[in-house]
Amino acid sequence: MTDDDLVLAVRAQVADRELPEPASADDVGVVEQVVGHPMPQLLRRLYCEVANGGFGAWDVVSLTDTGDWFSDCADITEAYSNFADPENPLPSGIVPLMDWDPNLCCREHALAPLSQSLAEWLTDWLNGAMPDGPYPNRVHVAQDCPAR
């Protein structure tokens with residue numbers, strides 16, 4: 001699927017849900033400023049063309065506080081700040097889209113990379129192939145995690 005196909009498919013998938021209006025380019029700019037890097041183009045398009053949060057397999061967090069919380073955080077900058085630790089900063093380019101861990105791991109290891117791209121993750125969701133339990137495409141970087 002192309003990015004255009006994915007945006008259209010995600011929009012169709014959530015059409016019957018009451019989601020916030022799409023985010024603005026300014027909203028994206030604020031998030032990019034906070035996290036220190038540009039948002040991936042596909043993710044930017046989803047937030048700006050589909051909805052400001054609530055789409056995806058586990059309802060991604062909104063870019064801004066829309067009043068419709070899809071997590072325990074008001075917005076993505078709060079979720080980012082909750083994970084950002086001066087002693088152990090997030091890797092460059094990592095921003096949590098959800099504030100709970102589908103990998104059933106501890107907070108220290110929750111942000112382990114996945115072996116899927118955003119497009120592949122969305123395609124699995126659109127095809128009904130998302131698991132309810134531990135995420136099978138997780139790259140296990142912490143073999144000693146007690147919650148593993």
Side-chain angles (χ1 to χ4, degrees), residues 1-86 88-139 141 147:
M1 279 188 151
T2 67
D3 283 2
D4 289 338
D5 294 334
L6 278 170
V7 170
L8 290 172
V10 170
R11 186 181 297 132
Q13 182 77 9
V14 300
D16 63 342
R17 295 173 55 191
E18 293 183 30
L19 296 179
E21 293 295 316
S24 70
D26 289 341
D27 295 334
V28 172
V30 168
V31 171
E32 290 174 337
Q33 184 75 16
V34 169
V35 302
H37 51 82
M39 185 176 292
Q41 188 62 34
L42 175 57
L43 188 59
R44 171 190 282 264
R45 288 193 60 196
L46 291 166
Y47 275 115
C48 291
E49 296 177 35
V50 177
N52 187 355
F55 55 85
W58 295 292
D59 297 347
V60 300
V61 66
S62 298
L63 289 183
T64 60
D65 185 355
T66 63
D68 294 315
W69 287 30
F70 301 101
S71 70
D72 291 333
C73 299
D75 58 39
I76 202 167
T77 57
E78 183 181 334
Y80 178 79
S81 297
N82 286 348
F83 276 103
D85 176 357
N88 189 17
L90 293 174
S92 178
I94 299 292
V95 177
L97 297 179
M98 299 163 285
D99 67 348
W100 65 281
D101 177 26
N103 302 310
L104 303 177
C105 191
C106 66
R107 179 179 169 139
E108 181 179 348
H109 301 113
L111 292 176
L114 299 178
S115 62
Q116 286 184 299
S117 67
L118 175 61
E120 291 167 332
W121 181 77
L122 288 166
T123 300
D124 274 359
W125 167 62
L126 291 166
N127 291 329
M130 297 304 292
D132 289 330
Y135 200 76
N137 293 302
R138 177 170 185 243
V139 176
V141 295

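- Counting heavy atoms from C-beta outward, Arg44 and Glu49 have side chains that stay 4.5 Å or more apart.
- In this structure, Leu42 and Val7 have side chains that are in contact, with non-hydrogen atoms separated by less than 4.5 Å.
- Side-chain atoms of Asp27 never come within 3.5 Å of backbone atoms of Ala23 as a donor-acceptor pair (strictly under, hydrogens ignored).
- At a threshold of 4.5 Å between non-hydrogen side-chain atoms, the residues Asn52 and Tyr47 count as touching.
- Two residues are said to be in side-chain contact when any heavy atoms from C-beta on lie closer than 4.5 Å; Val50 and Pro22 fail this criterion.
- Atom CG of residue Asp5 and atom CG of residue Leu122 lie 12.5 Å apart, to the nearest 0.5 angstrom.
- Minimum heavy-atom separation, Leu19 to Phe55: CD1-N, 4.4 Å.
- Taking every heavy atom of both residues into account, Cys48 and Val28 meet most closely at SG-CG2, 3.5 Å.
- Remark: side-chain polar atoms of Gln13 are not paired, donor with acceptor, to backbone N or O of Leu126 under 3.5 angstrom.
- Using a 4.5 Å heavy-atom cutoff, the side chains of Asp26 and Ser24 are in contact.
- Glu120 places none of its side-chain heavy atoms less than 4.5 Å from the side chain of Asp124.
- You'll find the side chain of Leu46 stays beyond 4.5 Å of the side chain of Leu6, heavy atoms only.
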